[in-house]
Every structure is written in C-alpha cells, then in structure tokens.
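Here the structure comes first, spelled out in structure tokens, and everything after it is commentary.
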Number of protein chains: 2
Amino acid sequence: MALTVDTVADTALRILSDFGLGDLTMRRLARELGVQPSALYWHVADKQSLFVLLAERISAEAEAAARPAETDHSARILTFREVLLRYRESAEIVILAYSVSGAQVLPAGLRELEPGLREQIVAFVLGAVAVEQSRAMLARAPEPTAAQSFRAGLDALLGA
Amino acid sequence: MALTVDTVADTALRILSDFGLGDLTMRRLARELGVQPSALYWHVADKQSLFVLLAERISAEAEAAARPAETDHSARILTFREVLLRYRESAEIVILAYSVSGAQVLPAGLRELEPGLREQIVAFVLGAVAVEQSRAMLARAPEPTAAQSFRAGLDALLGA
DNA sequence: ACCTGAACACCGTTCAAGT
DNA sequence: ACCTGAACACCGTTCAAGT
C-alpha cells in the first residue's frame, strides 16, 4: 500500500528513539520503509519539515502523558521533560521546530503560559534536556542530581 | 609554514561566525587552509574535538569581554549570552563541549557558581541562545523581547 | 497520484605513501 | 613531523521517467 506521511513520521520517530539523530537520515528512513529515498519527497518537503512533524508528535505524547489531575503547570512541565528524555536528541529537534512553528509544537500546558514566561520555561527545559541528552550520547554518566536541579530551577522560574 | 591547531581553530571559528555550522565542514576548512582534508587529522582527533576547542575559545572571549568591574554574576552571564550570540549556532557547540568537558568550557563567572545552580544557569543560557539562534538561522524575525525575557528569567534563577 | 532510477554535489574519516 | 592521494562508506535533494 502507498506510503503516508504518518507512516513516514512514525518510522522516523522509531529510528530516533532507537538509534539517535545521527542515524535518522532520509536514506536510512527510506530503506526501512522499503522505498527509494526520493519517494520520501513526495510526502515531506524536506528533512526540516519532517523534524517539525516529529516535534509535534513528541509534544502530543507529552500531552497524552499528563494526567488530567495535574492542574498546576509545574507537573505538566516535569512530564514534558520526561517525555523528551525518552527520545534521544529530541531537544535539538524541538528547538528547531519551536523556532519554525512557535508555541504550536508545545504541549497544551506550556502553550497556555503568558509569552514572556513561556519563552523562559522553554529555554530552560530544552537547554536542560539538551545537555542531559548530549551527555547520554557520549556515554558519560548522567548527573545523578539532574532531576532535582531541574525541579529547583523550574520552581525559581515559576516563582514558587 | 606548517599548520598549527591554533590556525585550524581560528579559521573554523571564522567560518562559523561568517557562514554558520552548516558550512563548517572538515573539507571546507581544509580548503580555506590550503591543505587536503586528511591533513586536519594530524592536528585534531575528529570534528567533535574541534568543537571543544571552539567552545573554549568562545568562553575565553566571554571572559575577556567581561569588564572587571562586573562583580556580580548577573552581568557576567549577560555578557556570556552576548558573546554566544555573536557566533551562529554557538549554543549547539557549547552544549556539546560542556557535555564532553564540563565546566572548564565555561567563562570564569559561571565556573565559580555552586554546581546545582550552575547547571540551571547553563541550561537556561544555552537553551535561550539556541532558540534565538535557530530563529535567526531560519531568517525569522528575532523576538524583540528576547533580551528582557532573558533578564527576567535569569533574575528568577539567581533569586534576585 | 505515487514511486523509481539516476544523477549532482557534497560529507567525515582512514591510511599507505611521500617529503 | 607533517602532509598528500586515494579510497570507503556515506549524505540531502532534484527531476525526468515510469506506472
């Protein structure tokens, strides 16, 4: 059956979480889908717009993972961080996608924030995750205090 | 005269600031230096270790730019942000280098901070600059409020 | 509408061999 | 010690042509 943009994005996300950004190439993606690389360009304009799709999916997952009981922003942001940490190098992708498309690539909990504060929180979350993921990629031991440090910074930014 | 690791790094930094990360390839770097690409590998182990050198130079520049009168951390961090903004995509490079080498790639003003707070500040600074630089790369208008928003977030983190 | 085949203009890295 | 030359195993993207 014919490829769809959804199967392309699903497969891309799987490569990302299993092998990382270095292995997420258009050629590799095509191979896993059993088509020629050029076939992908009928479904997505280029690699960058594929990244935007991936960022949207990751955000959607963060939204789905947020328990409805979580009424405060703090809990939702912590969930967003955890979902990001599931996908290697997702921070880099979301940075790009956020720059391209703005708040729409963020989970609802972050979209609602007043713009100035949102910008601060986005910088902090993506920066923190980017550093953590970069360390993980290099097979360096993760900072054991990363989660606590994140919480503390988040509280400071939220004025808690 | 023979190449040195310093001329390699200088030229790399010039390519980075003038043309961006996409143009900073080992082949292009070699071309500008008038040597074969393979010659570079006598001076640097690989591209990643070149990035660490670049991050160290950028931090050194931030240190040099900090006026000695600036006794508070806040002013030094603002200077670091400004120096980072001078080099396209420098945030990505410093994220990688900080993950590899830790605090030694940071300007002195940041190195002195107590580790938990330092980690928060680094995440915030690099995340904020990464988003700004990503927007600039896409030729999207910079957020006019970026500097104020950064200041506000920084004050919150520093408990000011 | 959807995909193939072939091409274009590139990459990072290694390593024998030269000087 | 420092560099060349040639190769290896890749990239993203375009576009005529096929079905």
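Proteins come first, then strands; the chains are lettered A, B, ... in the order of their sequence lines, and each starts at number 1.
- Under 3.5 Å, the side chain of A:Ser38 and the base of C:dG5 form at least one donor-acceptor pair of N or O atoms.
- Rounded to whole Å, atom P of D:dC11 lies 11 Å from atom CD1 of A:Ile15.
- Here the side chain of A:Gln104 pairs no donor or acceptor atom with the backbone of A:Glu56 at under 3.5 angstrom.
- Across the protein-nucleic acid pair, A:Leu33 atom CG and C:dC2 atom P stand 15 Å apart, rounded to whole Å.
- Between A:Leu50 atom CG and D:dT13 atom C1' there is a gap of 14 Å when expressed in whole angstrom units.
- A cation-pi arrangement is found for A:Arg28 relative to A:Phe19, the charged atom lying closer than 6.0 Å to the ring centre and inside a 45° cone about the ring normal.
- Residue A:Ala39 is classed as a base contact, given a heavy-atom separation below 4.0 Å to a base.
- Look at A:Arg81 and A:Glu132 and you find a salt bridge, because one of the NZ, NE, NH1 or NH2 atoms lies within 4.0 Å of a carboxylate O, short of that distance.
- Taking atom NE2 of A:His43 as the reference point, atom P of D:dG12 lies 17 Å away to the nearest angstrom.
- Of the residues near DNA chain D, A:Arg28 and B:Gly34, the one whose nearest nucleotide (by heavy atom distance) lies more toward the 5' end is B:Gly34.
- The two residues A:Gly153 and A:Phe124 have their closest heavy-atom pair at CA-CZ, 3.7 Å.
- The side chain of A:Trp42 approaches C:dA1 more closely than any other nucleotide in the set C:dA6, D:dG12, C:dA1.
- Judged by distance alone, the side chains of B:Glu119 and B:Tyr98 do bring a donor and an acceptor atom under 3.5 Å apart.
- Atom NZ of B:Lys47 is separated from atom C1' of C:dC10 by 12 Å (rounded to the nearest Å).
- Computed from coordinates, the A:Asp46 CG to D:dT14 C1' distance equals 13 Å when rounded to whole Å.
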### Message
Let me check I have this right: for DNA chain D, each base becomes ., (, ), [, ] or |, based on Watson-Crick or G-U pairs with both distances under 3.5 Å. What is the full string?
### Response
||.|||||...|||||.||

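- Rounded to the nearest 0.5 Å, atoms CG (B:Leu50) and CG (B:Leu40) are 8.5 Å apart.
- Candidate nucleotides C:dT13, C:dC3, D:dG12 were compared by shortest atom distance to the side chain of A:Met26, and D:dG12 ranks first.
- Between B:Arg27 atom CZ and D:dC11 atom P the separation is 15 Å, expressed in whole Å.
- The CD1 atom of A:Ile58 sits 12.0 Å away from the CG atom of A:Leu106 when rounded to the nearest 0.5 Å.
- In this structure, the CZ atom of B:Arg31 is 14 Å from the C1' atom of C:dG12, given to the nearest Å.
- For the OP1/OP2 pair of D:dG5 and a distance below 4.0 Å, the side-chain nitrogens and oxygens of B:Gln36 include at least one atom meeting the criterion.
- Distances were taken from every side-chain heavy atom of B:Tyr41 (C-beta onward) to each of C:dT14, D:dT4, D:dC3; the shortest belongs to C:dT14.
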